[in-house]
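Numbers here are sequence positions counted from 1. When reading the values below, keep in mind they use all heavy atoms of this one structure, side chains included, and skip hydrogens, waters and symmetry mates. All values derive from a computational prediction rather than experimental measurement.
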Amino acid sequence: MPTKRELILDGAIELLGTRGLRALTHRAVDELADMPPGSASNYFRTRDALLTGIAERLEERDYADWQAVTRIAAPSTLRQLIDGFAALLTHAVTTDRTRTLARYALFLESQTAPGLQSVLLRGHNRLTDWIATMLRAVVPDAPPEVTPLLVKYIDGAALHQLTYPATDFDARPGVDRIVRALLA
């Protein structure tokens, strides 16, 4: 059962991903999260605090997605790893489209909000380290530059699919090709 804070943040993510940054107000979050007026501002006094909370909540949900989407805690083969990344990418641009759009809105906003940028960078680094750990468990001699390039590919592929949706989108061939090329 989500806490009141999580419900507020999930409402803020929904609002950000469906209506954009201009629509993100404490009042609008309260309405969307079906909370009494003032709830969002009680938890997040400023807009910056709300944006930081959103960024942290997105990161929390990313870890949970891996297990929910792949149904494995940690891959033990390269195929499982590739399948997992492909499933996560597909999930991000379909089922979780709104959340992914919210993430990209935060990326853009962070260019003028240094505090948000540092929160996003910390989260990005933790997720990259987590992916590197999974990759090393499967391919112990993987060069260290593979993980950041893979993360950039997945981010770019998601952005392009959200911006220019292909009706026949299949994430697996691209993820398979990039992972194998980076490991070669």
Side-chain angles (χ1 to χ4, degrees), residues 1-74 84-131 133-134 151-152 154-165 169 171:
M1 180 90 160
T3 66
K4 190 174 186 179
R5 181 182 187 281
E6 290 168 339
L7 289 171
I8 289 167
L9 289 172
D10 291 344
I13 291 166
E14 180 74 20
L15 184 68
L16 185 57
T18 57
R19 293 196 267 165
L21 274 163
R22 288 185 185 198
L24 186 67
T25 65
H26 287 85
R27 180 176 298 158
V29 170
D30 288 340
E31 289 172 12
L32 194 85
D34 199 26
M35 294 286 169
S39 296
S41 65
N42 282 338
Y43 282 90
F44 307 97
R45 287 314 237 172
T46 64
R47 182 178 175 83
D48 286 344
L50 181 59
L51 291 170
T52 295
I54 292 168
E56 291 168 348
R57 179 68 174 153
L58 286 168
E59 182 186 351
E60 282 172 26
R61 292 184 63 186
D62 286 341
Y63 293 110
D65 279 352
W66 176 267
Q67 182 112 13
V69 172
T70 67
R71 294 188 168 83
I72 56 172
F85 290 145
L88 214 53
L89 175 54
T90 299
H91 180 74
V93 299
T94 56
T95 307
D96 240 359
R97 178 182 173 82
T98 298
R99 199 166 85 199
T100 305
L101 289 168
R103 176 186 277 64
Y104 287 125
L106 287 181
F107 289 171
L108 295 174
E109 181 69 9
S110 76
Q111 299 311 295
T112 57
L116 176 59
Q117 190 173 48
S118 69
V119 169
L120 288 170
L121 182 59
R122 269 194 315 272
H124 170 78
N125 289 340
R126 282 191 295 262
L127 284 166
T128 300
D129 290 345
W130 176 61
I131 290 168
T133 300
M134 284 195 293
V151 170
K152 289 173 185 171
I154 291 170
D155 277 344
L159 179 62
H160 281 270
Q161 180 58 22
L162 291 171
T163 308
Y164 313 109
F169 180 71

Distance col, row Glu14:CD vs Thr98:OG1, nearest 0.5 angstrom, shows 5.0 Å
Separation of Arg103 CZ from Asp155 CG (nearest 0.5 Å):
7.5 Å
Note, Asp65 side chain near Leu88 side chain (heavy atom, < 4.5 Å):
yes
For the pair Asp10 and Arg99, find out whether any cationic side-chain nitrogen is under 4.0 Å from an anionic carboxylate oxygen.
no
Do you know which two heavy atoms are closest between Leu21 and Ala105, and how far apart they sit?
CD1-O, 3.6 Å
Verify side chain to side chain contact (heavy atoms under 4.5 Å, CB included) between Arg61 and Leu9, making sure each step is shown before the conclusion.
CA-CA 11 Å; Arg61 292 184 63 186; Leu9 289 172; over 6 Å; no
If every non-hydrogen atom of Gly11 is compared with every non-hydrogen atom of Ala33, which pair is closest and at what distance?
CA-CB, 4.4 Å
For His160, does its backbone N or O pair with a side-chain atom of Thr163 as donor and acceptor, under 3.5 Å?
no
Can a donor-acceptor pair be found, under 3.5 Å and without considering hydrogens, that links the side chain of His26 to the backbone of Phe44?
yes
List the steps and the verdict of side chain to side chain contact (heavy atoms under 4.5 Å, CB included) for Asp48 and Leu116.
CA-CA 7 Å; Asp48 286 344; Leu116 176 59; over 6 Å; no
Given Thr70 and Phe85, is the side chain to side chain contact (heavy atoms under 4.5 Å, CB included) satisfied, shown in steps?
CA-CA 9 Å; Thr70 67; Phe85 290 145; over 6 Å; no
Counting only N and O atoms by type, is there a donor-acceptor contact under 3.5 Å from the side chain of Arg47 to the main-chain atoms of Leu24?
yes
Report the distance from atom NE2 of His124 to atom CD of Glu59, rounding to the nearest 0.5 Å.
11.0 Å
Taking all non-hydrogen atoms of both residues, which atom of Leu16 and which atom of Ala102 are closest, and how far apart?
CD2-O, 3.6 Å
Counting only heavy atoms not in Arg126 (residues, nucleotides, ligands), do more than 12 fall under 6.0 Å from its CZ?
yes
Asn42 side chain reached by Lys4 side chain, heavy atoms, under 4.5 Å:
no
State the CH2-CD1 distance between Trp66 and Ile131, to the nearest 0.5 angstrom.
8.0 Å
Restricting to non-hydrogen atoms, name the atom on Gln111 and the atom on Phe107 that form the minimum distance, rounded to 0.1 Å.
NE2-O, 3.4 Å
Between Ile13 and Ile54 the two heavy atoms that sit nearest each other are CG1-CG2, 3.7 Å
Could you measure the distance from the CG atom of Asp30 to the OH atom of Tyr43? Nearest 0.5 Å is fine.
11.0 Å
Heavy-atom closest pair (Leu159 atom, Tyr104 atom, distance to 0.1 Å) is N-OH, 3.5 Å
Taking the side chain as every heavy atom from C-beta outward, state whether Leu15 and Glu31 have any atom pair closer than 4.5 Å.
no
Can you tell me how far the OG1 atom of Thr94 sits from the CG atom of Leu89, to the nearest 0.5 Å?
9.0 Å
With a 4.5 Å heavy-atom cut-off, do Thr100 and Gln161 have their side chains touching?
no
Without swapping roles, check the side chain of Asp96 against the backbone of His91 for a donor-acceptor pair under 3.5 Å.
no
